[in-house]
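Throughout, protein chains are lettered first and strands after them, A, B, ... in sequence-line order, and every chain is numbered starting at 1.
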4 protein chains.
Amino acid sequence: MTDHEFKIDELMDGEELTDKQKKIIISAIESFSEKGFSATSTSEIAKKAGVAEGTIFRHYKTKKDLLLAIVAPVMAKFVAPFIIKDLKKVLDQDYEHVEDFLKAMLENRRDFLIKNLPTVKILVQEIPFHPELKELFKEHIGLQIYERFIKLVEYYQAKGQIIEIPAYSVFRMVFSSIFGYLIARYMILPEAEWDDEAETERTIQFIMHGLAGPNSGN
Amino acid sequence: MTDHEFKIDELMDGEELTDKQKKIIISAIESFSEKGFSATSTSEIAKKAGVAEGTIFRHYKTKKDLLLAIVAPVMAKFVAPFIIKDLKKVLDQDYEHVEDFLKAMLENRRDFLIKNLPTVKILVQEIPFHPELKELFKEHIGLQIYERFIKLVEYYQAKGQIIEIPAYSVFRMVFSSIFGYLIARYMILPEAEWDDEAETERTIQFIMHGLAGPNSGN
Amino acid sequence: MTDHEFKIDELMDGEELTDKQKKIIISAIESFSEKGFSATSTSEIAKKAGVAEGTIFRHYKTKKDLLLAIVAPVMAKFVAPFIIKDLKKVLDQDYEHVEDFLKAMLENRRDFLIKNLPTVKILVQEIPFHPELKELFKEHIGLQIYERFIKLVEYYQAKGQIIEIPAYSVFRMVFSSIFGYLIARYMILPEAEWDDEAETERTIQFIMHGLAGPNSGN
Amino acid sequence: MTDHEFKIDELMDGEELTDKQKKIIISAIESFSEKGFSATSTSEIAKKAGVAEGTIFRHYKTKKDLLLAIVAPVMAKFVAPFIIKDLKKVLDQDYEHVEDFLKAMLENRRDFLIKNLPTVKILVQEIPFHPELKELFKEHIGLQIYERFIKLVEYYQAKGQIIEIPAYSVFRMVFSSIFGYLIARYMILPEAEWDDEAETERTIQFIMHGLAGPNSGN
DNA sequence: CATGAATGAGCATTCATTCAT
DNA sequence: GATGAATGAATGCTCATTCAT
């Protein structure tokens with residue numbers, strides 16, 4: 001529990017959260033990710049959080065507001081580093097090879113995902129059913145990340161490191177591979193034994209060769 | 001609506017379905033895939049299907065039974081071709097190169113997915129919340145497909161067409177790429193303009209080079 | 001089951017019962033007596049009887065009709081012997097002492113009760129909730145038995161064997177004692193060990209002395 | 001209605017009952033005793049009580065819980081006086097003759113029964129169908145009363161006031177007679193004219209002579 | 001800020017009954 | 001005579017939300 005709390009504060013850095021509010025968020029995350037948003041009742045959350053039912057609605061006007069309060073900051077935090085640090089680093093030649101960039105990105109975002117696994121699970125699950133979420137997602141990932149990523153791809157294509165195919169295809173393939181790994185690793189078979197270092201390396205290599213095209217041997 | 005009916009019969013070939021039963025299934029698929037299983041009420045399904053609410057429960061003891069009745073056959077049908085046709089073809093040298101096999105697989109299953117998109121969407125959405133579904137999935141995909149696929153990978157590895165990494169990594173990468181494509185294409189951005197032929201080709205090439213390793217140029 | 005059937009025929013001697021009808025009656029008696037009339041569903045009876053739900057309603061227009069069809073004949077049969085045989089015997093001096101009459105009555109009706117225990121249980125349970133049943137009961141027991149019994153009491157009072165108190169008080173006491181015994185014996189503690197002969201004798205003696213009044217020692 | 005409320009508080013002295021809760025209990029008692037537990041719907045109770053249906057379930061998790069909340073305290077209250085007062089009085093020679101004890105007991109408990117008639121009716125009706133009720137009954141009546149009563153019987157047998165038959169037979173006969181009277185008086189024919197004093201006296205005399213045996217004349 | 005009683009609409013499910021076959 | 005699919009009202013119960021305290 002104490003383990004969670006710091007994450008909460010870290011994530012919701014804007015507002016001041018009362019003790020009860022934190023407990024509500026933690027309980028909601030747990031229940032939403034285990035049973036899904038609409039299969040979770042507010043009374044269940046209240047019970048788990050040890051607060052009265054009314055308390056939830058004092059802080060979040062509706063159940064959906066609670067969902068958004070949980071899921072929105074995770075999106076913001078997820079994209080933040082892309083915007084600020086990484087892109088700059090690439091353009092500053094910090095990552096001469098795609099490979100270095102990919103490795104950095106994968107490792108960086110993996111830590112974030114692991115820390116916020118249940119919340120991300122909720123996000124992924126609920127996006128299809130809530131237009132507001134879709135909108136938020138498009139804003140954050142769609143624009144912030146996609147546009148920047150496209151530029152990077154073109155940058156590396158110019159350097160001859162990436163095959164000449166549409167940048168959006170590259171985007172899709174890279175994300176499929178990375179998220180395919182992370183989903184398999186942390187959502188589908190989290191209980192299996194994984195050699196994370198080797199798998200990460202293989203995934204990067206797969207993407208690298210896949211993107212290098214026929215002349216990847218050189 | 002008539003458009004749907006043939007699919008229903010095709011999918012549930014075992015049982016005899018009454019007219020009302022078919023309508024129930026069609027309505028349930030529509031609602032489940034649009035709003036999610038637990039956000040869909042049986043009364044809503046009944047209304048959409050034009051039947052009395054009691055009629056649903058005459059045929060499906062519980063709402064969950066209805067879900068299973070929809071989702072189970074789709075899994076069975078999905079794996080069927082892998083088991084019978086494709087594997088045989090490969091071993092009979094019908095597909096000399098991995099590429100041919102991949103292309104065949106992707107095209108073959110894509111048709112199925114397109115036809116059963118809403119049902120597959122339901123399956124994907126609900127699997128995390130229903131142990132019975134997880135079990136079914138493991139049985140069908142986990143065993144039927146995984147085991148066969150692993151053999152194929154080893155076969156092509158022996159022929160030197162695939163890099164020497166664990167077969168399960170290959171499995172993961174191939175499926176990530178393929179499903180990443182299909183999900184992006186049909187679930188995330190179905191309304192965008194897609195050059196399917198080109199995208200398919202690129203995806204295959206991406207996988208091919210990714211798996212061929214550094215010597216893919218030869 | 002064959003064990004039941006003869007009882008059924010015996011009880012419903014008026015009508016011809018089809019095979020299915022018998023099964024319905026047997027199943028209904030079982031369920032009604034175990035769970036009560038309104039806690040028993042017609043579908044449950046149908047399932048237990050191995051017939052279709054509709055079949056019940058072909059023979060009995062409503063669920064209540066089924067109840068009456070079960071319970072009415074048991075009342076008729078219960079009072080029958082009083083009317084015909086016993087009263088005559090008493091008046092013909094077959095039972096010189098109240099004691100003999102009581103013993104005969106208790107034994108005679110006990111056999112009937114044991115045979116029809118579940119049905120009697122249903123009757124006792126449901127009487128308070130169904131005016132029709134109350135009416136039937138008044139007709140049969142209230143008139144047929146009560147009136148005859150009163151005459152007997154007066155007869156024995158004239159002979160000095162019974163204390164001079166209102167005959168209806170005698171009626172109540174005798175029936176309380178007898179049914180108190182039968183209810184304790186067969187409904188409240190059927191699984192206890194009972195020395196039936198001794199208990200019957202004690203009950204009779206209790207009634208005898210109770211009714212004889214202070215001069216019972218003579 | 002105000003007439004009821006004091007009884008409610010008196011009966012459920014343990015808990016604090018909200019106003020609505022009292023109304024629910026009162027309505028439930030009325031309906032349960034009139035139509036039986038399973039023929040009474042919660043919506044009916046709610047309507048009669050003038051509360052929302054949900055309110056019932058806030059206070060009583062299930063309909064059965066409501067039944068138990070009504071019926072359990074009546075059992076506890078019913079046996080209480082036996083345990084504390086009467087037994088002590090008898091052993092303290094307050095009742096030198098069985099007759100005095102019987103009279104005291106009958107009068108004392110009759111008042112209670114009259115006050116709680118509908119609740120007792122519910123108890124009697126529902127006991128056969130609810131194992132939990134049976135258990136409660138055994139605990140309270142079976143142990144608390146039976147054991148104490150047996151001791152009293154043996155005490156009076158030693159004094160020669162009661163015939164030498166098994167104490168449990170005495171128990172059964174006494175209770176049959178008393179409850180036979182009360183049931184006839186208040187449940188079967190409540191609308192008839194009763195000379196309560198005379199009937200009570202006759203019943204006591206009946207029991208007295210019945211238990212005194214052949215030498216009751218002395 | 002927090003409570004928890006109260007709500008009434010809505011839920012999945014069951015019900016007795018009907019009727020075409 | 002028997003079936004069982006179909007019904008729609010009713011059931012016990014849960015829901016998100018409100019509000020007086």
A/Thr55 has a side chain; which of E/dT7, E/dA2, F/dG12 sits nearest to it? E/dA2
With the side chain of B/Ala52 defined as its heavy atoms from C-beta on, choose the nearest nucleotide among F/dT7, F/dT18, F/dA2. F/dT7
Watson-Crick or G-U wobble partner for F/dA20, using a 3.5 Å limit on both distances? E/dT3
Options F/dA16, F/dG1, E/dA5, nucleotide nearest the side-chain atoms of D/His59: E/dA5
Within a strict 4.5 Å, meaning less than it, do heavy atoms of the D/Phe32 and D/Val71 side chains meet? no
Between E/dT17, F/dT3, F/dA5, spot the one nearest the side chain of C/Thr62, thanks. E/dT17
Hey, are the side chains of A/Ile127 and A/Leu136 touching, using non-hydrogen atoms and a 4.5 Å cut-off? no
Could you say whether C/Ala39 or D/Ile56 is positioned toward the 5' end of DNA chain E, judged by the nucleotide with the nearest heavy atom to each? D/Ile56
If only side-chain N and O atoms of A/Thr18 are considered, is one of them under 4.0 Å from the OP1 or OP2 phosphate oxygen of E/dA2? yes
In whole angstrom, what separates D/Gln21's CD from E/dG4's P? 14 Å
So, OP1 or OP2 of E/dA6: does either fall under 4.0 Å of a side-chain N or O from D/Lys20? no
NZ or CZ of C/Lys63 within 45° of C/Phe37 ring axis and under 6.0 Å: yes
For B/Ile45 and E/dG10, what is the distance between atoms CD1 and P respectively, to the nearest whole Å? 17 Å
From F/dC15, E/dT3, F/dA6, nucleotide with atom closest to B/Arg58 side chain: F/dA6
Just compare F/dG12, E/dA2, E/dT3 and give me whichever is closest to any side-chain atom of A/Val51. E/dT3
Can we say A/Lys47 and A/Glu53 salt-bridge, meaning some charged N sits less than 4.0 Å from an Asp/Glu carboxylate O? no
Starting at CG of C/Asp65, measure out to CD1 of C/Ile70 and round the result to the nearest 0.5 Å. 11.0 Å
Using modelled atom types and a 3.5 Å cut-off, is there a donor and acceptor pairing between side-chain atoms of D/Gln21 and backbone atoms of D/Thr18? yes
Euclidean distance, atom CG of residue D/Asp19 to atom P of F/dA20 [Å, nearest integer]: 17 Å
Could you tell me the separation between the NZ atom of D/Lys61 and the C1' atom of F/dC13, rounded to a whole number of Å? 13 Å
Which nucleotide wins on minimum distance to the side chain of A/Thr42, given the candidates F/dG12, F/dT17, E/dT17? F/dT17
In whole angstroms, how far is the P atom of E/dT14 from the NZ atom of B/Lys63? 14 Å
When we call it a touch if two heavy atoms are under 4.0 Å apart, what does D/Ser38 touch: a base, just sugar-phosphate, or nothing? nothing
Separation of A/Glu53 atom CD from F/dC15 atom C1', in whole Å? 9 Å
Under 4.0 Å from OP1 or OP2 of E/dC11: is there any side-chain N or O of B/Ser41 that close? yes
Value in whole Å for how far the P atom of F/dA5 lies from CZ of B/Phe57: 16 Å
How many whole angstroms separate atom NZ of A/Lys64 from atom C1' of F/dC15? 16 Å
